[in-house]
Amino acid sequence: MSGTSAAPEREIDRNLFITVSGPPGCGATTLVEGIAASLDCGYVSGGELFREIAAERDMSLSQLIAKTGESEEIDRALDRRLRRIAEKWGTANKAFVLESRLAGWIAGNRADIRIWLDAPDEVRADRTLDREEMTSEMQVREVIEEQRYQSYYGIDLSDRSIYDLAINTGRWDPEATLDLALTAIEGYDIESDEGAFDTPDFEI
């Protein structure tokens, strides 16, 4: 979904902290931009933070990705930045969207709504052909990340139980995906909320 605009057709006045997660090519960036426009709020992308770290260290994305396989320091630096953002907006009582593959876990119980996006491998590969990272590099990063989440934090990324909404973006276009997410956000009523799945904090 890279480069595809999902312009909001309605505005929503909700002070919710929302996370969006998923693998490369799932359409997370497009959805986040659409949600933020509809809620008239800010957002932070884990991918942009990763690029910031690469720039700070005068490294290319490929170099930084390779480095994450050698040391846990870079991975944890990114996750600490995400945790600080989650802690800030989890108590702000203002609308905000946080996007990264681990955002739902890092935000944990601070988040009001956690969304997971995915699509078949061939669909995601086709969507990421024009990115700076090669498809093979992104696949390597996915494997590395899955392994580190388990070894560092005891997180099983295949466990989708913490998410309130999961969407296969291979089945819906960006506009329909945004509409599904906004319907969930607009329909959320804290008074009738019987509880999200508990997600304990973990040390980063």
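The closest donor-acceptor contact from the side chain of Thr199 to the backbone of Asn109 lies at 3.5 Å or more, if one exists at all. Although no hydrogens or angles enter the test, the distance criterion places no donor-acceptor pair under 3.5 Å between the side chain of Arg57 and the main chain of Leu64. Between the Gln63 side chain and the Ser60 main chain, a donor and an acceptor come within less than 3.5 Å of each other.
Side-chain contact check for Ile167 versus Leu180: some heavy-atom pair is nearer than 4.5 Å. Ile35 has its side chain within reach of Leu178: a pair of non-hydrogen atoms, C-beta onward, lies under 4.5 Å apart. The side-chain heavy atoms of Val44 and Glu99, taken from C-beta on, include no pair separated by under 4.5 Å. Counting heavy atoms from C-beta on, the side chains of Ile18 and Leu98 never come closer than 4.5 Å. The shortest distance between side-chain heavy atoms of Arg148 and Glu72 does not fall below 4.5 Å. With contacts defined as side-chain heavy-atom distances shorter than 4.5 Å, the pair Arg51/Leu61 qualifies.
Among residues at least two apart or in separate chains, there is no salt bridge (charged side-chain N to carboxylate O under 4.0 Å, His left out) pair with a member in residues 188-197. Under the ring pair (Phe, Tyr, Trp, His ring centres under 6.0 Å) criterion, the residue pairs touching residues 82-127 are Trp89-Phe96, Trp116-Tyr163, with sequence neighbours excluded.
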* **side chain to side chain contact (heavy atoms under 4.5 Å, CB included) evaluation trace for Leu157 with Arg101** => CA-CA 9 Å; Leu157 200 64; Arg101 197 170 183 204; 3.2 Å; yes
* **Chi angles and distances behind the salt bridge (Lys or Arg N to Asp or Glu O under 4.0 Å) call for Asp121, Arg124** => CA-CA 5 Å; Asp121 289 347; Arg124 297 193 294 109; 3.0 Å; yes
* **Glu87 vs Arg84, salt bridge (Lys or Arg N to Asp or Glu O under 4.0 Å): CA-CA, chis, key distance, verdict** => CA-CA 5 Å; Glu87 290 174 344; Arg84 286 194 294 269; over 6 Å; no
* Asked: Please walk me through it: do Asp118 and Arg171 pass salt bridge (Lys or Arg N to Asp or Glu O under 4.0 Å)?
  -> CA-CA 10 Å; Asp118 209 343; Arg171 305 294 301 277; over 6 Å; no
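Connection of Ile106 to Tyr153 is established within a shared hydrophobic cluster, with ILVMFWY side chains joined at heavy-atom distances below 4.5 Å, either directly or through further cluster members. Under a hydrophobic clustering in which Ile, Leu, Val, Met, Phe, Trp and Tyr are joined whenever their side-chain heavy atoms come within less than 4.5 Å, directly or via other members, Ile74 and Ile155 fall into the same cluster.
With sequence neighbours excluded, no residue forms a salt bridge (Lys or Arg N to Asp or Glu O under 4.0 Å) with Asp112.
Here the closest non-hydrogen pair linking Ala181 and Ile115 is CB-CD1, 4.1 Å.
Both cation-pi conditions hold for Arg76 and Tyr152: the charged atom is under 6.0 angstrom from the six-membered ring centre and inside a 45 degree cone around its axis.
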